[in-house]
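Worksheet: one structure, shown below.
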Amino acid sequence: MTLQRGDWFYILLLLLTGFFMARPYLYAIQNDNYRISEIFGNRRLRTVYLIDVISVAVFFSVWLGFYFFQAKAFWDFLIALFFFVTEIALYFMEDLPDRKKPLKYTKRAVRCLIFVSAGACAAGTCALALANAKLADSYLRYLVFFGFVLIFPLIFIILASVINVFEKLNNRRFEMRTARRLKNRPDLIKIAITGSYGKTSVKNFIATILSQKYNVLATPESYNTPMGISKTVNSLDPTHEIFIAEFGARRKGDIKRLMQIVKPQIAVLTGINEQHLETFKTFDNIKREKCRILEVGDGTCVINGKLRSVTEPKLVSQNPIPEVIYAGFDDECDVRAVNISVGKDGSDFDVVIGDDVFCAHTNLLGIHNVENIMLAVGVAVKLGVEIPYIQNGIQSLQAVPHRQQLVKGNGITIIDDSFNSNPDGARLALDTLGMFDTRKVVMTPGLVELGKNEEQENERLGEYISSIADVVLLVGKKRSLPLNRAMKRCEFGGEIYVYESLKDCENDFSNTLKVGDTLLILNDLPDIFDDKV
């Protein structure tokens, strides 16, 4: 295999083209924890590949036309140059549109991008050198460049799969190191939280209340993966007395893996519904996976009282059976809220713990937050936090960003529930909207990741919206069809507007919103859901 003089220029173009072509593929897998299978169901990538095919067809036709020219040695250079420039420009523009959730250039993403770019360039270089050696007519070797673009998805899949093996080994190394650091702190109280909804809110509530007495370290934002927890543990120091970890789960085995790392003494289960049914396949799988967090040996489980029938069979089968604290609204709950008064300025309620009763106030919106607070109180009681500290903690609780966060500005009251994407949470957010005596506006693309139940749940959501809203702004013409259909079936008397994208919807706010309105932003989907077939 040989390279001709000047081929370094083509090799550089192969490297640049590989870099730009890799980015949309990397974006697709990054949004699903680097699972290569995400590529096969991505509508955006199919469109990108179709454009590549058209580009190759056009330039191949030009190349074929000049094959019969005397000066084809000059034209092959220009054709190849303009072909690469066109491909780079197409992929550069592909990255220009605004993305709500852009490609994050993490260390892992950068490593993948460099490896794929270099590997694709090396493959193209080897093919070019082989063509130089085997083809008598050098003009034919330029077919390598057309082939490079056509088979690039396959090249990406192979190279990304290779580097994923090493990334998983590297991640496992970090997880084992994190597990050792936590194990070497026998004095540290470790608390784990999971559920289909409310995880981040409950985590923050627990951290706020416990901070009244203890030095607490909690995973920030939605850092609920093995790597997110590992990064947080890097900040652990000898002064920390309590570590709180949020556990996320989209597939079977996720909770087990997190439990092996943290090994908590206290587990908190917030709630279970069909969220992520698309990846879990069945509701029974979801229940089994979420209940894995209850395997704390002789530790303590703080559980939403509504889950008693789900969790008791699991608990009695364990050896030893952990201590259980049920929290919520039911009379049978060990920690419960009574005399609840919920309004647009927050909630007042009494907390009952055995024979003790004390009053509490929170500025947080919605009765669901009172329920979440009871879980936090259950943990605080277990850890011996005195009632005055608990009251102060509840009083100082702040809304978690994008989870029924109240925002005011420009004469519009906004209930930002854009992070929510589950049926129970959506209905609770609508209940909160119903408390406002203003014109009520709902902006939503609907619910996702509910598998076979997705259309049915969106129709139910549409029915519920019809009973509360005055104006509905639907984002995504195809996805919002079940919502629209249900509202029309309910003979919704308000206004319905349907938009192709969130940007179109926002640009029309001047026509759809009025001063004094209350706007509920219900589930702001990441762009990746627009890309899926």
Side-chain angles (χ1 to χ4, degrees), residues 32 41 43 195-199 248-252 270-291 304 306-307 309-310 366-368 371 403-404 417-434 440-469 471-494 496-502 505 520-533:
D32 195 21
R43 181 187 295 109
S196 299
Y197 53 87
K199 296 184 294 294
R250 296 188 68 204
R251 290 175 171 82
K252 290 188 291 184
T270 63
I272 299 176
N273 65 16
E274 294 88 353
Q275 182 67 9
H276 300 314
L277 184 62
E278 181 179 342
T279 50
F280 277 108
K281 306 304 180 185
T282 71
F283 188 44
D284 284 340
N285 286 340
I286 296 176
K287 290 188 287 187
R288 278 194 293 268
E289 187 65 25
K290 299 298 183 183
C291 285
N304 189 320
K306 294 188 295 189
L307 299 177
S309 62
V310 175
I367 194 169
H368 68 289
E371 187 175 53
R403 294 166 175 85
Q404 290 206 32
D417 201 42
S418 54
F419 196 85
N420 168 63
S421 182
N422 72 84
D424 293 328
R427 294 184 186 95
L428 289 168
L430 287 164
D431 288 340
T432 300
L433 177 65
K440 304 171 185 65
V441 184
V442 176
M443 181 177 74
T444 183
L447 304 172
V448 296
E449 291 193 304
L450 298 175
K452 61 183 180 181
N453 295 345
E454 185 169 299
E455 184 171 346
Q456 182 182 17
E457 288 295 344
N458 275 303
E459 288 197 1
R460 289 176 179 172
L461 179 60
E463 293 170 0
Y464 206 62
I465 290 174
S466 298
S467 66
I468 292 173
V471 180
V472 181
L473 313 177
L474 299 177
V475 180
K477 291 183 178 179
K478 290 183 179 179
R479 183 180 292 111
S480 63
L481 281 175
L483 291 164
N484 205 344
R485 184 166 57 244
M487 286 188 289
K488 289 180 178 178
R489 186 173 63 246
C490 293
E491 298 181 351
F492 176 61
I496 301 176
Y497 300 88
V498 184
Y499 301 92
E500 190 68 47
S501 67
L502 176 63
C505 181
L520 170 62
I521 303 175
L522 186 62
N523 188 16
D524 180 14
L525 294 181
D527 308 270
I528 193 65
F529 289 105
D530 295 326
D531 298 343
K532 288 184 177 181
V533 175

Q: Please say which of L461, N273, N453, N458 ends up in a side-chain contact (heavy atoms from CB on, under 4.5 Å) with P423.
A: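 Only one option passes, and that is N273.
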**Q.** Positive for side-chain contact (heavy atoms from CB on, under 4.5 Å) with M443, one of L474, L520, V472, L502
**A.**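 The residue from L474, L520, V472, L502 that satisfies side-chain contact (heavy atoms from CB on, under 4.5 Å) with M443 turns out to be L502.
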What is the minimum heavy-atom distance between [X] and [Y], and which atoms define it?
{"X": "S466", "Y": "M487", "result": "OG-CG, 3.1 Å"}
{"X": "I272", "Y": "S196", "result": "CA-OG, 3.4 Å"}
{"X": "V310", "Y": "C291", "result": "CG1-SG, 4.1 Å"}
{"X": "A249", "Y": "E289", "result": "CB-CG, 4.3 Å"}

Can you check whether [Y]'s main-chain N or O pairs, donor with acceptor, with [X]'s side chain at less than 3.5 Å?
{"X": "N304", "Y": "G271", "answer": "no"}
{"X": "K488", "Y": "N484", "answer": "no"}
{"X": "T444", "Y": "N523", "answer": "no"}

Calculate, to the nearest 0.5 Å, the distance between atoms [atom1] and [atom2] belonging to [X] and [Y] respectively.
{"X": "R485", "Y": "S480", "atom1": "CZ", "atom2": "OG", "answer": "10.0 Å"}
{"X": "F280", "Y": "R288", "atom1": "CZ", "atom2": "CZ", "answer": "10.5 Å"}
{"X": "H368", "Y": "T270", "atom1": "NE2", "atom2": "OG1", "answer": "11.5 Å"}
{"X": "L433", "Y": "L522", "atom1": "CG", "atom2": "CG", "answer": "9.5 Å"}
{"X": "L483", "Y": "E455", "atom1": "CG", "atom2": "CD", "answer": "10.5 Å"}
{"X": "K287", "Y": "E274", "atom1": "NZ", "atom2": "CD", "answer": "9.5 Å"}

Q.
Looking at R427 and E457, is there a salt bridge between them, counting it only when a charged N and a carboxylate O are closer than 4.0 Å?
A.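 Between R427 and E457 there is a salt bridge, with a charged N closer than 4.0 Å to a carboxylate O.
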**Q.** Non-neighbouring partners of E463 that pass side chain to side chain donor-acceptor pair (under 3.5 Å), sequence neighbours left out
**A.**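 Residues passing side chain to side chain donor-acceptor pair (under 3.5 Å) with E463: R489.
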Q: For C505 and L473, run side-chain contact (heavy atoms from CB on, under 4.5 Å): C-alpha distance rounded to whole Å, both residues' side-chain angles, the deciding distance at 0.1 Å, then the answer.
A: CA-CA 7 Å; C505 181; L473 313 177; 3.9 Å; yes
Q | With sequence neighbours excluded, residues passing side chain to side chain contact (heavy atoms under 4.5 Å, CB included) with D431 | A |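 With neighbours one apart ignored, the set is L428, Y464, I468.
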